Amino acid sequence: MDQDKFTNIYRLPTAIQIRIGKWQQTFNGTSDLVMHQAITVRNQQYRKADFLPTGWCVKFFDKNDISVTHHGKYIQTALRTMIDRKVSYKRIYLSRLPLEQAEPALIAFKKEWISQHNRVAKKYNQIKKKQFIRLAMEELETLYPAITKEEFDAKLWNKLVMSELGNPKKFDNPYFVKKATV
C-alpha cells in the first residue's frame with residue numbers, strides 16, 4: 001500500500017483535502033499534524049449514520065421501487081438469493097396464472113423478500129461498518145493507511161442469514177420467502 005494513499009484523503013501540493021461523495025474539506029499545510037487533523041475530521045464523517053462505505057456495505061432495497069418486466073409468456077422480477085446473494089429472477093408463467101393475479105402476487109413476493117433482505121443487510125452493514133471504523137481509528141493513531149479495499153463477505157452474510165432467518169431447509173425457495181407464495 002502506498003504510504004500517501006489514505007481513503008478519501010488527497011495530498012495536494014500545499015494542502016490536504018478530504019472528499020467523501022459531494023462533501024469536501026481542505027486543510028492548509030502538509031505536515032503530520034495537518035494529516036492527523038484531516039483524518040480526525042474524515043472519521044467524524046464516517047461515523048454518521050447515513051455513511052455506508054463503498055465495497056464494505058450492502059445496499060438496501062426500496063419497497064416502493066419494484067420493477068416487474070413483461071416478456072409475453074411470462075412476467076419476472078430480479079432479486080438475489082439469500083445464501084451468497086447471487087442475482088436471480090422470479091418468473092410467473094401466464095399460462096399458469098392470469099396477469100391480473102400474477103402481477104400482484106409477484107409484487108407481494110418481492111416485498112416480502114425485500115424486508116427479509118434488508119433485515120439481514122442491516123446487521124451485515126453494522127458489523128462491516130464497525131470493522132471499517134476500527135481501521136479508520138488505527139489510521140488516526142499510526143498516520144499510516146490501514147483501510148483496505150473490501151469485497152462482499154459471503155461467509156459473514158450466510159452466517160447472518162442463518163441467525164436472522166433460520167435454516168434454508170425451512171424454506172421452499174432460495175429467497176427465504178414464506179408468506180407470499182407464487
Side-chain angles (χ1 to χ4, degrees), residues 1-67 69 77-90 110 113-165 168 174-176:
M1 189 178 280
D2 192 356
Q3 184 152 0
D4 286 316
K5 291 289 186 181
F6 286 91
T7 305
N8 299 111
I9 294 180
Y10 303 90
R11 285 188 189 267
L12 305 175
T14 60
I16 294 175
Q17 189 175 62
I18 308 169
R19 286 183 240 149
I20 302 173
K22 293 181 180 179
W23 181 87
Q24 71 178 30
Q25 187 169 346
T26 305
F27 298 85
N28 290 327
T30 57
S31 69
D32 284 350
L33 218 55
V34 175
M35 179 59 81
H36 187 274
Q37 185 182 9
I39 293 173
T40 303
V41 172
R42 179 203 64 182
N43 289 355
Q44 289 170 352
Q45 292 295 315
Y46 284 170
R47 290 182 184 280
K48 290 186 176 179
D50 62 344
F51 175 77
L52 294 175
T54 306
W56 285 75
C57 293
V58 170
K59 289 194 167 126
F60 293 107
F61 288 94
D62 185 2
K63 283 187 176 185
N64 300 320
D65 190 23
I66 297 175
S67 67
T69 54
T77 188
L79 17 82
R80 291 180 175 269
T81 60
M82 278 303 191
I83 300 295
D84 296 333
R85 285 191 82 236
K86 301 274 187 229
V87 174
S88 183
Y89 298 93
K90 178 66 177 171
K110 181 120 181 208
W113 173 81
I114 287 172
S115 70
Q116 300 282 54
H117 176 276
N118 287 350
R119 185 171 146 197
V120 176
K122 183 177 178 189
K123 289 271 191 191
Y124 179 87
N125 289 348
Q126 286 172 345
I127 291 168
K128 294 303 278 183
K129 189 167 179 180
K130 265 187 197 168
Q131 292 173 354
F132 184 82
I133 295 292
R134 204 173 302 121
L135 291 174
M137 295 309 292
E138 184 182 317
E139 286 186 350
L140 184 63
E141 292 170 11
T142 63
L143 290 182
Y144 190 80
I147 298 174
T148 58
K149 184 172 170 38
E150 190 68 20
E151 305 256 329
F152 174 69
D153 186 350
K155 190 175 176 183
L156 173 63
W157 177 268
N158 293 343
K159 184 178 154 191
L160 290 170
V161 166
M162 296 286 248
S163 70
E164 285 292 305
L165 306 177
Y175 314 109
F176 286 49

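In this chain, residues are counted from 1 in sequence order. All figures in this text were calculated on a predicted structure; none of them were measured in a lab.
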Looking at Cys57, is its backbone amide N or carbonyl O close enough to the side chain of Asn125 to form a donor-acceptor pair, meaning the two atoms are under 3.5 Å apart? no

Using a 3.5 Å distance criterion without hydrogens, assess whether the side chain of Thr148 forms a donor-acceptor pair with backbone atoms of Glu150. no

Between CD of Gln131 and CD1 of Ile147, what distance do you get to the nearest 0.5 Å? 12.0 Å

Arg42 and side-chain contact (heavy atoms from CB on, under 4.5 Å): which partner among Gln37, Glu139, Gln25? Glu139

So, for Asn118 and Phe61, which heavy atoms are closest and what is the spacing to 0.1 Å? ND2-O, 2.7 Å

Quick one: CD1 on Ile9 to CD1 on Ile16, what's the gap to the nearest 0.5 Å? 7.5 Å

Calculate, to the nearest 0.5 Å, the distance between atoms CD1 and CG belonging to Ile133 and Leu140 respectively. 11.5 Å

Is Lys122 reaching over with its side chain to a backbone N or O of His117, donor-acceptor style, under 3.5 angstrom? no

For residues Lys86 and Arg80, determine if any side-chain heavy atom of one lies less than 4.5 Å from a side-chain heavy atom of the other. no

Trace of the side chain to side chain contact (heavy atoms under 4.5 Å, CB included) decision for Leu165 with Val120: CA-CA 8 Å; Leu165 306 177; Val120 176; 3.9 Å; yes

Measure the CD-CD1 distance between Gln24 and Ile18 for me, rounded to the nearest 0.5 Å. 10.0 Å

Which heavy-atom pair separates Gly29 from Val34 by the least distance, and what is that distance? O-CG1, 3.6 Å

For residues 17-45, which residue pairs qualify under ring-ring contact (aromatic ring centres under 6.0 Å, His included), counting only residues two or more places apart or in two chains? none

Ser88 side chain to Leu79 main-chain N or O, any donor-acceptor pair under 3.5 Å? no

For atom NZ of Lys159, decide whether the heavy atoms of other residues, nucleotides or ligands shown that lie under 6.0 angstrom number more than 12. no

Pair Lys123, Gln126: side-chain N/O donor-acceptor within cut-off below 3.5 Å: no

Gln17 side chain vs Tyr10 backbone, donor-acceptor pair below 3.5 Å: no

For residues Ala136 and Ile39, report the shortest heavy-atom separation together with the two atoms involved. O-CG2, 4.3 Å

Identify the two heavy atoms, one from Thr30 and one from Arg11, that lie closest to each other, and give their separation to 0.1 Å. O-NH1, 3.6 Å

How about Arg85 and Val58: do any of their side-chain heavy atoms sit closer than 4.5 Å? yes

Side-chain contact, heavy-atom cut-off 4.5 Å: Thr7 with Tyr46? yes

Calculate, to the nearest 0.5 Å, the distance between atoms CD1 and CD1 belonging to Ile114 and Ile66 respectively. 4.0 Å

Any salt bridge (Lys or Arg N to Asp or Glu O under 4.0 Å) pairs touching residues 45-63, not counting sequence neighbours? none

Applying side chain to side chain contact (heavy atoms under 4.5 Å, CB included) to Phe176 and Ile83, what does each step give before you reach the verdict? CA-CA 9 Å; Phe176 286 49; Ile83 300 295; 4.2 Å; yes

Show the numbers, then the answer: is there a side chain to side chain contact (heavy atoms under 4.5 Å, CB included) between Phe51 and Gln45? CA-CA 7 Å; Phe51 175 77; Gln45 292 295 315; over 6 Å; no

Taking the six-membered ring for Trp, are the ring centroids of Trp113 and Tyr175 within less than 6.0 Å of each other? no

Show the nearest heavy-atom pair for residues Pro145 and Phe6, with the distance to one decimal. N-CE2, 3.6 Å

Just how far is it from atom CG of Asn28 to atom OG1 of Thr14, taken to the nearest 0.5 Å? 6.5 Å

Should Trp56 and Asp153 count as side-chain neighbours, where that means a heavy-atom distance under 4.5 Å? no

Would one find more than 12 heavy atoms of other residues, nucleotides or ligands at under 6.0 Å from atom CG of Leu156? yes

Pair Thr77, Lys90 - check side-chain hydrogen bond (donor to acceptor under 3.5 Å, both in side chains), show working. CA-CA 6 Å; Thr77 188; Lys90 178 66 177 171; over 6 Å; no

Once you measure the plane-to-plane angle for Trp157 and Tyr124, does it fall in the parallel (<30°), tilted (30-60°) or perpendicular (>60°) bin? perpendicular

Would Val87 and Thr81 count as a side chain to side chain contact (heavy atoms under 4.5 Å, CB included) here? Give the steps. CA-CA 7 Å; Val87 174; Thr81 60; over 6 Å; no

